[in-house]
Amino acid sequence: MSNPLLREFNTPFDTAPFDKIKTEHFMPAIQEGIRLAKEEIESIKSQALPTFENTIEALDLAGKKLGIISGIFFNLNSAETSDEIQKLAREISPLLTQHSNDILLDKDLFLRVQQIFKQQDELKLSPEQKTLLEKTYKAFVRNGANLSEEDADKLRKIDQELAQLSLQFGENVLAETNKFVHFVDKESEVEGLPESIKEAAAQTAEEKGKAGQWAFTLDYPSYIPAMTYLKNRELRKKLFIAYNTKSSKGDELDNQETIKKILNLRHQRARLLGYSSHSHFVLEERMAKSPKAVMDFLENLLVQAKPKAEEELEELSKFANDLDGLERLEKWDFAYYSELLKKEKYELDDELLRPYFQLENVIDGVFQTAGKLYGLKFKANQEIPVYHKDVTAYEVQDLQGNHISVFYADFFPRPGKRNGAWMTSYKGQFKLEGKDQRPHVSIVCNFTKPTKSKPSLLTFNEVTTLFHEFGHALHGMLANSKYESLSGTSVFWDFVELPSQIFENWCYEKECLDLLAKHYETGEKIPEDLIERIKKASNYLQGYQTVRQISFGLLDMAYHSQDPSQIEDIFDFEKEVMKKTELLPSVPNTLMSTAFSHIFQGGYSSGYYSYKWAEVLDADAFELFQEKGVFDEETAKSFQKNILAAGGTEHPSILYKRFRGRDPQPDALMRRAGLVKKQ
Ligand SMILES: [Zn+2]
């Protein structure tokens, strides 16, 4: 067979053969993968009597090849896409949706699953097996296994449409991001920009054929520093408006109608299955359980955070007024003045810290941290094929030299990569016939690129992002389940951010910073007082940031916890919902909904609150490390065993309690964020 996706990979650790894959290989490989999966399903159905092994376990093992191929395809569609791949995604997505519906709406298959589900008390299952059984059964029911033929058909149509619409949503946002570039030809207009950013802006302009000018784009590494440092208020306003009007201008890239269609289809889908809203449907399988619990959680936090946020803004407005006579602090002023005030308060800014955070040193420090906590060793391996020259592949081993995982790191922005940072995997972990199949995990980021004269020097925010994604990666790499669908990050959504967010805490600890923060030119360790100031500054504007996160959570819930057919105007709706969390004057004709990819493209619908939810968990969990020592062996072992390795094998509240010895308490978060006095 000439298709490299379909023959033996013949690569180290059976990694994806990126060096041989061409775009035209995907469609035939996906089709063959679907055929193989169908064969496996037929074989399950042909067994005489349904048992846990020949049905539930066999289902977990079915479609592995298809999973690998589609994993490669969709990961590339996020990290290294092209017009061709995007076009193909529009064809492949419905095929996969249909395939998964074919399985989940298969009556005979469902009857087998149902039969085992009903017998479960007699089956002497392990807790992991019980979880798998329940998850499998619910997957069928939540996809319409109990529906009439007619309603099941409706459901299929809705799912296909939804898959198309969320792809469309994402493509529009990416196209809007790539489309925008603003050139500046007078050096006076870029005043305030740190040298490294100015240099990068000049380089971008040169790449775009305008040597001698400066270019600004909507990519994070261009946009964020521009908003933070540009003295030129008009230019900041221009960039802010470009950023916050993405896909809302009524042209072919507009997402307003897409949003309405997505919302109405999600609602119809939930009603069809007997839930009163999409949120009710989603939250049934979350630690939080119900929309009411989420709303109470968010409202409660809002009450605690808002007074602090207002206090912070008052101070900031006064500061901007004293400094520049600013009458009114606008949204495009926020980052700029808060950076200046931060500098004054803590004598700290990104540019002061950057030289201590050379990417190579930081990643090495991250590896050392993982080594101290979990005994992991990372070794770059150039034999492992990668999909772009900027990607590095590592071999990960434990202290005894056992192979643990393959780890890919992809750090710099490119036109074909979507914004933000994420962790993903090319192969999950599971056990087959007693053999442990180890995972292939990847993190993809958009960090500051090296320039002609400087290596990649990260902002502290980029450092915490790296720790965050690496925390997810640890969840994947250290997975130790029997079944892939319960392995690693396959946990309830409001639990999945615990491993990532807790790992960020180490960035503020001297013992950890000593491993990664040294001056890129002199090799000098980061001075102690800088660490102190980083810690103090970490609580800076926590009230404001908390309210902002809550506002996104509330917007998400507002869209999804009621009948959306009443929503006529996306601008009006968003404005109305954001009223009680709006702290700065609202800017006419701007909005976030049309680029809110988390909830309209990714899987975070009715789930945005989970960032804050997980913060409660991570702050509470990290206090145990602080109590025992941030590299305490026993605590790390317990976290590895009960949380990271356990994946989704049991309900998160059980796993959490096993680690912490009790239920999570929100006080630790309030203390850490400085929203209440430390005791
Ligand atoms: Zn995350």
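Counting starts at 1 for both ligands and their atoms, following the listed order. Because the structure is predicted, anything quoted here is derived from the model rather than measured.
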**Message:** Could you identify the N, O or S atom of His468 positioned closest to the Zn ion (ligand 1)?
**Reply:**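 Answer by atom name: NE2.
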
**Request:** Output the atom name for the N/O/S atom of Glu497 with the smallest distance to the Zn ion (ligand 1).
**Result:**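 Atom name returned: OE1.
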
**Message:** For a quick check under 3.5 Å, do Gln549 and Thr546 share a side-chain donor-acceptor pair by atom type?
**Reply:**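 Side-chain D/A pair, Gln549 to Thr546: absent.
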
**Item:** Heavy-atom donor-acceptor pair, Asp60 side chain to Glu484 backbone, under 3.5 Å
**Value:**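 Flag set: sc Asp60 to bb Glu484 pair under 3.5 Å.
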
**Request:** Report yes if the side chains of Lys246 and Met592 come closer than 4.5 Å at any heavy-atom pair, otherwise no.
**Result:**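 Side chain of Lys246 against side chain of Met592, heavy atoms only: no contact under 4.5 Å found.
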
**Message:** Counting backbone and side-chain atoms alike, is an N, O or S atom of Glu469 positioned under 2.8 Å from the Zn ion (ligand 1)?
**Reply:**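 Not a single backbone or side-chain N, O or S atom of Glu469 is under 2.8 Å from the Zn ion (ligand 1).
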
**Request:** Look at the aromatic rings of Phe460 and Phe357 and report parallel, tilted or perpendicular, splitting at 30° and 60°.
**Result:**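 Because their plane-to-plane angle lies in the 30° to 60° range, the rings of Phe460 and Phe357 count as tilted.
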
